[in-house]
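Along the sequence shown, residues are numbered consecutively beginning with 1. Just so it is clear, the structure is predicted and the values come from calculations on it, not from any experiment. The analysis underlying the following values was restricted to heavy atoms, covering all of them including side chains, and did not include hydrogens, waters or symmetry mates.
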Amino acid sequence: MQNNHIKNILGLLLATLFISTSGVLGRYIAMPSEVIIWFRSSFAMVFLFVFCKYKKIDIRIKSFKHYGPFIVGGVFMAAHWITYFYALKLSNVAIGMLSLYTFPVMIAFLEPLFFKIKFNPIYLVLGVLVLAGLYILSPDFNLENSNAQGILFGLLSALCYSIRLLILKQYVLQYNGVMLMFYQTLIITICLLPVLFFMDISGFQSQWPYLLLLALLTTAIGHSLMVHSLQFFSASTASIISSVQPIFGIILAFFFLNEMPTMNTFIGGSLILATVVIESIRSKKK
């Protein structure tokens, strides 16, 4: 039993590590963000489709009423990925990932608007902590500053991701997580197809190995492992463990991109990640 628990924790950490490679790859690949996301989605869609067929996962959508939420969720997922990659390219991996990790607090604020639940004032405190962390990340906030622009795109990415999660939340019990991810990548691939006709894709010949890595390791394997791990842990426990994702990203950026985080990044990032841990522990006690 103990060995299985350790194995499950290691599986969740491995999934977190794989997903965290999006920061380094997103910043390293020398192509427009929209083009990167199209290739990421199209490659991942193929991998996920093959996996669903191999595992005999039913990919049929059960009701016509589900098409709308699936499509809207896919559009918000596309916006989340694109704005996140803009954040990475404008600032650095640390700032991009830490800005994105404000999404748990955003979900807490948005959830009462989507579902009939009461707003808890504790979220105001957590919101202030997040704002303090963001301010420390970029104390000289100026819209002409690329780090400030990166933070804003990171926050927009977090907002899109939060809305996407809340839209699909009611379907996770009805459908397999890998099947949901397949449809997300399918919708993104269709929506972003026009970018191939008016954006520069000449870098594909030199960048395709990294695009393949982003699609296979980060998206298909990483997210599938994460979904698989959720059956062994509560959502709160998974959130706490996966909050090391920005830390993994910063370490990978140091080794592969030679990015050295500043003291402001450490302090501001600690405040942001603290809110994730606090909210995860608090929600676990409900």
> Thr219 versus Phe43: any side-chain heavy-atom pair under 4.5 Å?
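Of all side-chain heavy-atom pairs linking Phe43 with Thr219, none is under 4.5 Å.
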> Is the side chain of Thr185 donor-acceptor paired with the backbone N or O of Phe182 at a distance under 3.5 Å, no angle test?
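Side chain of Thr185 to backbone of Phe182, a donor-acceptor pair under 3.5 Å: yes, one is there.
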> Backbone N or O of Ala215 within a donor-acceptor pair of the Arg40 side chain at under 3.5 Å?
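No, because the side chain of Arg40 does not come within donor-acceptor range (under 3.5 Å) of the backbone of Ala215.
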> Is Leu186 close to Ile190 at the side-chain level, that is, under 4.5 Å between some pair of heavy atoms?
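The answer is yes, as the side chains (C-beta and beyond) meet within the 4.5 Å cut-off.
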> Check step by step if side-chain contact (heavy atoms from CB on, under 4.5 Å) holds for Tyr183 and Ile61.
CA-CA 10 Å; Tyr183 275 103; Ile61 298 177; 3.8 Å; yes
> Any side chain to side chain donor-acceptor pair (under 3.5 Å) involving residues 66-75? Give me the pairs, sequence neighbours left out, ordered by first then second residue.
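Residue pairs passing side chain to side chain donor-acceptor pair (under 3.5 Å), neighbours aside: His66-Tyr175.
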> Please round to the nearest 0.5 Å and tell me the distance separating atom OG of Ser41 and atom CE of Met77.
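That separation rounds to 8.0 Å.
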> When you compare the side chain of Ser224 with that of Phe47, does any pair of heavy atoms fall below 4.5 Å?
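Of all side-chain heavy-atom pairs linking Ser224 with Phe47, none is under 4.5 Å.
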> Nearest heavy-atom pair of Gly74 and Ile187: which atoms, and what distance?
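What the structure gives for the nearest pair is CA-CG2, 3.9 Å.
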> Check whether any side-chain heavy atom of Leu155 lies under 4.5 Å from a side-chain heavy atom of Leu134, and answer yes or no.
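A side-chain contact exists here, since the closest heavy-atom pair is under 4.5 Å.
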> Tell me whether the count of non-hydrogen atoms from other residues, nucleotides or ligands lying under 6.0 Å of OH in Tyr171 goes above 12.
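Buried by this count: over 12 neighbours within 6.0 Å.
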> Can you confirm whether more than 12 heavy atoms, excluding those of Lys62, are under 6.0 Å from its NZ atom?
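Correct, the count exceeds 12.
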> Spell out, as yes or no, whether a donor-acceptor pair under 3.5 Å connects the side chain of Ser20 to the backbone of Pro246.
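Here the side-chain-to-backbone pair does not exist.
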> Kindly determine whether Thr189 and Trp38 satisfy side-chain contact (heavy atoms from CB on, under 4.5 Å), including the steps that lead there.
CA-CA 6 Å; Thr189 300; Trp38 187 86; 3.6 Å; yes
> So which atom in Ala87 and which in Gly154 form the shortest heavy-atom distance, rounded to 0.1 Å?
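Reported closest heavy-atom pair: CB-N, 3.5 Å.
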> If I take atom CD1 from residue Ile136 and atom CE from residue Met263, how far apart are they, to the nearest 0.5 angstrom?
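Ile136 atom CD1 to Met263 atom CE measures 12.0 Å (nearest 0.5 Å).
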> Specify the closest pair of heavy atoms between Pro69 and Leu168, including all atoms of both residues, with the distance to one decimal.
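Closest heavy-atom pair between Pro69 and Leu168: O-CD2, 4.2 Å.
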> Does Ser157 reach the main-chain N or O of Phe153 with its side chain, forming a donor-acceptor pair under 3.5 Å?
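Checked: no pair found.
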> Find out if a path of hydrophobic residues (ILVMFWY) with successive side-chain heavy-atom gaps under 4.5 Å connects Met181 to Tyr54.
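Cluster IDs for Met181 and Tyr54 differ.
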> I'd like to check Leu273 versus Leu98 (side-chain heavy atoms, cut-off strictly below 4.5 Å). Are they in contact?
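Contact flag for Leu273/Leu98 side chains = yes.
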> Heavy-atom count around Tyr135 OH within 6.0 Å, excluding the residue itself: above 12?
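Incorrect, the count does not exceed 12.
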> Minimum heavy-atom separation for Thr102 and Ala158, please, with both atom names.
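Heavy atoms only, the tightest pair is OG1-CB, 3.5 Å.
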> Is a side-chain donor or acceptor of Asn147 paired with a backbone partner of Ser91 at a separation under 3.5 angstrom?
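Here the side-chain-to-backbone pair does not exist.
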> If you draw a 6.0 Å radius around CZ in Phe109, do more than 12 non-hydrogen atoms from other residues or ligands fall strictly inside?
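Correct, the count exceeds 12.
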> For Phe114, does the CZ atom have more than 12 heavy-atom neighbours from other residues, nucleotides or ligands under 6.0 Å away?
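Yes, enclosed.
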> Quick one: pull up CG in Leu214 and CG in Leu25 and give me the separation to the nearest 0.5 Å.
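Atom-to-atom, Leu214:CG and Leu25:CG are 5.5 Å apart.
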> Does the side chain of Leu257 come within less than 4.5 Å of Val24's, by heavy atoms?
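Yes; the side chains approach each other to less than 4.5 Å.
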> Check each of Lys55, Lys56, Arg60 against Asp58 using the salt bridge (charged side-chain N to carboxylate O under 4.0 Å, His left out) test, and report the only one that passes.
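Only match with Asp58 under salt bridge (charged side-chain N to carboxylate O under 4.0 Å, His left out): Arg60.
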> Is a side-chain N or O of Gln207 found less than 3.5 angstrom from the main chain of Met31, in a donor-acceptor match?
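Absent.
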> Will you find, in the side chains of Asp200 and Ser202, an N or O donor that is under 3.5 Å from an N or O acceptor?
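Side chains of Asp200 and Ser202: pair found under 3.5 Å.
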> Side-chain heavy atoms under 4.5 angstrom apart, residues restricted to Ile, Leu, Val, Met, Phe, Trp, Tyr: same cluster for Val128 and Leu126?
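Hydrophobic grouping puts Val128 apart from Leu126.
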> Hey, is CG on Asn258 packed in by over 12 heavy atoms from elsewhere, all under 6.0 Å?
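No - once you tally the heavy atoms of other residues, nucleotides and ligands closer than 6.0 Å, there are 12 at most.
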> Rounded to the nearest 0.5 Å, how far does CD1 of Ile29 lie from CD1 of Ile36?
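Nearest 0.5 Å value for the CD1-CD1 distance: 5.0 Å.
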> Is the side chain of Ser22 donor-acceptor paired with the backbone N or O of Ile19 at a distance under 3.5 Å, no angle test?
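Indeed, once roles are kept as given, a pair shorter than 3.5 Å links the two residues.
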> Of all the heavy-atom pairs spanning Gly269 and Leu137, show the shortest one and how long it is.
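Answer, listing the atom of Gly269 first, then Leu137: N-CD2, 4.2 Å.
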> Distance from Thr21 atom OG1 to Gln245 atom CD, nearest 0.5 Å?
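Reported to 0.5 Å precision, the distance equals 9.0 Å.
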> Can you tell if the side chain of Ile82 reaches within under 4.5 Å of the side chain of Tyr86, non-hydrogen atoms only?
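Ile82 reaches Tyr86 side chain to side chain.
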> Within the structure provided, determine whether Asn92 and Thr265 are in side-chain contact (heavy-atom separation under 4.5 Å).
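The answer is no; the side chains never approach within 4.5 Å.
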> Just how far is it from atom CE of Met179 to atom CG of Leu48, taken to the nearest 0.5 Å?
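Output value for this atom pair is 12.0 Å.
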> Verify side-chain contact (heavy atoms from CB on, under 4.5 Å) between Tyr28 and Tyr210, making sure each step is shown before the conclusion.
CA-CA 9 Å; Tyr28 181 78; Tyr210 310 111; 3.7 Å; yes
> List the atom of Thr218, the atom of His223, and the distance in Å for their closest heavy-atom pair.
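Closest pair (atom of Thr218, atom of His223, distance): O-CD2, 3.5 Å.
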> Decide side-chain contact (heavy atoms from CB on, under 4.5 Å) for Phe76 and Leu165; before the verdict, give the C-alpha distance in whole Å, the side-chain angles of both, and the deciding distance to 0.1 Å.
CA-CA 9 Å; Phe76 273 103; Leu165 287 175; over 6 Å; no
